[in-house]
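First the proteins, then the strands, lettered A, B, ... as listed; each starts at 1.
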Amino acid sequence: MKLKGWKDLPPATVVPAATAEQVETGQWRSIRPVWDESKCIHCLQCWIQCPDRSIKANEEGKVTGVDYFYCKGCGVCAKVCPKDAIEMRPESDFI
Amino acid sequence: MAVRLKDFTTKDTPMTRGHRMCPGCGAPTAVRQGLLAVDKPVVITCATGCLEVSTTIYPYNAWNAPFLHCAFENAGANISGIEAAYVALKKKGKINKDIKFVAFGGDGGTYDIGLQALSGAAERGHDFTYICYNNQAYMNTGAQRSSATPTGASSTTAPAGKKIPGKVQRAKDLTDIMAAHHIPYVAQTTLHNPQDVIEKVKKAIETPGPSFVNILVPCVLFWRIEPAMQRDICKLAADTRIWPIYEVINGEWKLSYKPRSFVPVEEFLKPQGRFRHLFKGDAWKPVVEQLQQEVEEKWAYVLERCKETWEPK
Amino acid sequence: MSKVLEIRWHGRGGQGAKTGSALLSEVLFEAGKYTQAFPEYGAERQGAPMKAYNRISDEKIRVRSGVLNPDIVVVIDPTLLDASNPTEGAKEDTVYVVNTPKKPEEIKQKLKLSEKSKVLTVDATKITLEEFGQNRPNAPILGALARLFEEIPIDMFLNHFKHKMAKLPEKVLEANLRAIKRGYEEVQIG
Amino acid sequence: MARKDITSGNWAAAEAMRQINPDVVAAYPITPSTDIPMKFSEFVADGLVDTNLVTVESEHSAISACLAASISGARVMTASSANGVALMHEIFPIAASYRAPIVFALVNRSIGAPINIHCDHSDSMAERDMGWIHLYCEDAQEVYDSLIMGVRIAEHKDVLLPVFVCQDGFITSHCFEPIEFLEDEEVKNFIGERDPLFPLLDVDNPVAYGSLALTDYYFEIKRQQIEAMKNVRKVYEEVSEEFFKLTGRKYPVIEAYKTEDAEYVAVIMSSATGAVKEAVDKLRAEGHKVGCLRVRMFRPFPWQDIAETLKGKKGIAVLDRAVSIGAGAPLFTEVKGALYDSGTLVPTNSYVYGLGGRDFFVHDAEKAFMDMINGDFSPEERYLGLRE
């Protein structure tokens with residue numbers, strides 16, 4: 001990304017809201033949670049415990065998958081899952 | 001009334017994705033759970049620390065609400081100034097919304113360097129909620145001891161050595177100090193149960209006047225645990241009673257969680273690298289015993305305050 | 001250079017030298033003068049010797065240093081004739097206004113003043129003890145000082161005090177006004 | 001209709017604050033500025049202002065609350081001195097960087113040790129590079145006027161910087177002298193309403209203040225701040241001209257007193273200026289061509305005006321009420337730097353006077369002039385009113 005010059009920055013150090021959503025923290029990941037829809041009971045424990053808000057859920061309160069753009073691969077979701085519906089697998093499996 | 005998680009799956013929260021906290025860190029989880037059920041718009045300030053640094057790396061901003069970071073020791077004063085401006089501008093009719101004010105600080109910015117500003121803000125009675133995300137050491141600068149660091153923990157400025165078993169002093173009881181300010185709401189919790197965090201912070205924010213919530217959160221680097229252990233280690237903190245879960249509403253103490261059976265404090269200590277030295281040989285056995293004693297003292301104190309008894313299975 | 005009248009007050013903390021100098025400056029300001037009134041601050045508390053100053057002029061006053069060579073020296077407490085040094089830097093014709101039961105001649109002798117000097121004495125302590133039962137000598141001193149500004153009627157002093165101290169209880173205010181008047185009337189000039 | 005009364009520098013500041021009626025005042029008492037929040041508290045107690053007064057538990061919290069309230073969109077004022085100013089130090093550059101207009105009544109007092117409550121400029125001079133506008137006042141009238149002008153300057157969209165309005169502790173702050181006050185309505189109309197740029201309380205358009213900007217952006221952000229300070233001069237001229245039209249009182253950034261034909265000029269700031277002017281008149285009566293230059297605006301430093309005024313003089317004496325131990329005194333080094341741009345080598349003497357409130361007399365000013373008249377110049381720092 002081309003860095004801006006001083007005349008093009010907003011004054012007073014301000015930054016508009018939510019610009020961090022452009023940051024692909026998923027690049028940090030070395031292990032990947034893989035969600036098995038058939039085992040999932042949609043208890044949302046993975047969703048609420050994810051530090052990176054990377055478990056996707058819909059308006060009906062159902063889990064729909066993992067957002068790999070942000071997921072850092074910490075494994076909390078797999079650990080809190082009561083039904084072992086999430087498996088942690090090395091990223092190398094997906095190259 | 002218990003909150004239902006499925007009611008919130010599409011609700012936006014003030015902290016966005018794309019922040020740069022460590023994988024498995026407890027702090028963003030605490031922020032997210034805490035602010036999940038809050039309906040009114042919030043303005044947020046944050047003491048210098050991991051949460052602040054990792055969410056505002058210029059030109060990126062992981063907040064979807066107004067956010068101010070100023071310095072390490074003045075989150076209490078900043079939230080006072082914001083709230084004071086709000087009250088003044090509302091009186092003049094320049095603002096017509098109902099807004100709530102939340103300050104975040106780590107244990108360094110809250111227990112230690114920021115205690116004065118927090119105490120002053122609480123005494124003055126501003127309408128705000130201060131949330132301490134307490135990982136029991138200065139993590140932004142690399143695991144130095146704080147007054148929240150428990151006895152026996154090895155930190156980079158109180159390392160476990162041949163003669164000294166890590167920190168020798170007892171952790172400060174900040175929640176009790178804040179309760180002594182006789183503010184309307186004070187609570188202590190951890191990430192053992194999302195409902196508890198969600199409800200306590202919601203209650204704190206909706207209570208007019210000053211409120212304080214102390215949330216024990218794991219730091220994977222300092223505690224030296226697997227990132228995935230976030231919830232489990234917090235559950236152990238609650239079950240071993242090293243971190244009692246309670247609230248103080250208008251001076252009335254209420255116990256929020258009673259472990260079913262007696263779990264020795266070792267269970268909380270053993271999975272963590274920062275306490276590993278305590279279990280190499282018998283040399284530091286007295287430290288573990290001391291910790292257990294501290295747990296019993298505090299627990300008895302909390303039970304008495306809450307007018308509760310405890311009969312573990 | 002403009003001609004500036006300089007006054008130095010010797011008092012004790014709490015006796016009203018600061019208020020006295022401020023009141024004098026306010027009355028003279030009302031009479032159209034440029035004035036300054038400022039105390040000298042130390043760390044001392046109630047009872048310690050202290051000084052306050054006035055400058056009075058027909059033109060804007062520029063100098064803000066302490067007064068070295070006073071034209072008028074006011075001694076608010078008789079014990080300060082010994083405890084402080086009222087003649088320091090004074091000129092041959094400096095005028096002294098002293099709270100004392102003694103006569104001007106006695107003070108002249110005590111302070112070894114020259115023939116050219118003028119001394120006004122008033123027993124301000126006695127007056128205020130009689131009028132309101134407290135040793136608050138600044139009101140009668142103000143009355144005595146009014147003698148040095150005869151172009152300004154004493155009523156202006158009284159009216160200003162009344163206006164300024166409007167918050168005082170009626171009785172206390174009246175007693176103070178009597179004290180100013182008595183200071184003006186009972187002063188001995190020598 | 002102007003209203004004249006006798007008041008002190010501190011009470012004049014408090015009266016200006018009453019008329020400005022700021023949204024938030026967060027303050028902590030410290031001698032000799034304590035009168036300001038004390039008097040202002042009476043106004044609050046009597047319901048004479050709408051201000052939300054925050055009686056904080058320290059100066060650090062005072063300035064922190066002021067900064068936070070200012071970026072929230074409120075009009076904000078405070079006061080402090082000496083150690084209070086020093087305790088605030090950490091937050092000053094942050095306030096400037098967040099472009100938080102704060103009008104600050106600074107009552108100059110020495111910084112210990114030894115502890116001393118009297119005037120020198122060591123407190124504000126230590127903050128000279130923190131990105132604040134610095135105005136130094138000679139008397140109570142100027143304090144009052146500068147606080148009112150300060151609101152307009154600080155809140156101007158091209159500036160948005162905090163401003164120190166400095167007065168000399170005790171000498172000005174506690175001296176009762178005549179002052180001309182504006183009517184409440186006149187002040188209200190002059191300062192207008194604040195129109196904040198990115199108010200934190202605008203929850204519909206949220207922004208973050210105070211990011212972590214490392215090697216990639218810090219420099220650019222600082223450069224922006226430098227530009228804001230460069231804009232001060234233009235805004236100052238506009239505001240002070242408008243104030244002159246309202247009051248008849250003119251406040252140029254430097255005040256030149258009989259400098260035009262002067263051969264020797266003494267440069268000074270704040271309350272001691274009067275003694276230098278007295279010395280000028282006295283020496284002129286004796287046939288010496290001398291003058292006085294008072295620096296009123298210290299940041300941004302008006303070096304061009306100073307260079308222009310001092311061009312072609314035979315000698316300059318700069319009188320500082322502060323030291324920079326181990327280097328030249330602050331005003332002296334700035335003036336000397338400005339002289340370089342006047343294109344001629346003017347011999348200069350540096351005098352330090354009045355530390356810890358040591359009185360400064362007309363004869364001290366005369367001494368500085370006589371040294372120059374006698375051709376006594378040297379690079380060493382000299383001291384006035386000091387016992388050897």
Side-chain angles (χ1 to χ4, degrees), chain A residues 1-33 44-77 79 91 95, chain D residues 67-73 76 91-102 131-132 154-162 194-232:
Chain A
M1 194 183 77
K2 193 173 178 297
L3 298 178
K4 287 178 176 167
W6 69 269
K7 289 175 187 161
D8 298 323
L9 299 177
T13 79
V14 301
V15 179
T19 50
E21 295 206 316
Q22 302 159 31
V23 179
E24 189 181 352
T25 51
Q27 288 179 352
W28 298 13
R29 196 175 55 243
S30 59
I31 47 168
R32 167 185 293 211
L44 297 171
Q45 291 302 310
C46 56
W47 172 82
I48 190 66
Q49 210 67 23
C50 174
D52 297 299
R53 285 179 61 191
S54 300
I55 303 294
K56 297 191 280 192
N58 63 18
E59 59 276 6
E60 288 155 24
K62 303 257 195 259
V63 173
T64 58
V66 179
D67 190 336
Y68 294 116
F69 188 81
Y70 298 113
C71 170
K72 294 170 189 159
C74 69
V76 168
C77 52
K79 198 84 169 46
E91 274 299 317
I95 297 166
Chain D
L67 172 152
S70 179
I71 61 159
S72 293
V76 176
I91 308 303
F92 287 146
I94 304 176
S97 187
Y98 291 3
R99 309 288 291 281
I102 298 166
W132 285 52
E155 292 178 2
H156 194 283
K157 65 174 175 33
D158 294 339
V159 174
L160 289 172
L161 288 174
R194 187 179 168 202
D195 181 18
L197 191 58
F198 292 108
L200 197 66
L201 289 172
D202 183 358
V203 289
D204 298 324
N205 298 290
V207 291
Y209 278 87
S211 301
L212 174 82
L214 299 175
T215 49
D216 52 354
Y217 275 109
Y218 180 91
F219 206 166
E220 280 69 26
I221 290 171
K222 281 293 138 190
R223 177 63 186 86
Q224 267 193 346
Q225 212 183 313
I226 293 165
E227 192 66 11
M229 185 61 92
K230 284 186 177 177
N231 293 340
V232 169

Region of D:Phe198 that comes under 4.5 Å of a non-hydrogen atom in chain A: side chain
Those residues of residues 61-69 of chain A, ordered by number, that approach chain D below 4.5 Å (heavy atom to heavy atom): none
Portion of A:Lys4 that has a non-hydrogen atom of chain D nearer than 4.5 angstrom: both
Candidate pair D:Arg194 and D:Ser70, rule side-chain contact (heavy atoms from CB on, under 4.5 Å), full reasoning: CA-CA 10 Å; D:Arg194 187 179 168 202; D:Ser70 179; 3.7 Å; yes
Closest approach of A:Ser54 to A:Cys71 (non-hydrogen atoms, all atoms of both residues): OG-N, 3.2 Å
Sequence-distant partners of A:Arg53, side chain to side chain donor-acceptor pair (under 3.5 Å), two or more places apart: B:Asp12, B:Thr13
Shortest non-hydrogen contact from D:Trp132 toward D:Ala95: CZ2-CB, 4.1 Å
Chain A contact via D:Ile71 - which portion, at a heavy-atom distance below 4.5 Å: neither
Derivation of the side-chain contact (heavy atoms from CB on, under 4.5 Å) call for D:Lys157 and D:Asp195: CA-CA 8 Å; D:Lys157 65 174 175 33; D:Asp195 181 18; over 6 Å; no
Heavy-atom pairs under 4.5 Å with chain A, option from D:Arg223, D:Arg99, D:Glu227 with the top count: D:Arg223
Heavy-atom pair of closest approach, residues D:Gly210 and D:Tyr98: CA-OH, 2.8 Å
Polar side-chain atom of D:Gln224 near backbone of A:Leu9 as donor-acceptor pair, under 3.5 Å: yes
Exercise: identify the closest heavy-atom pair between D:Val207 and D:Leu200: O-CD1, 4.0 Å
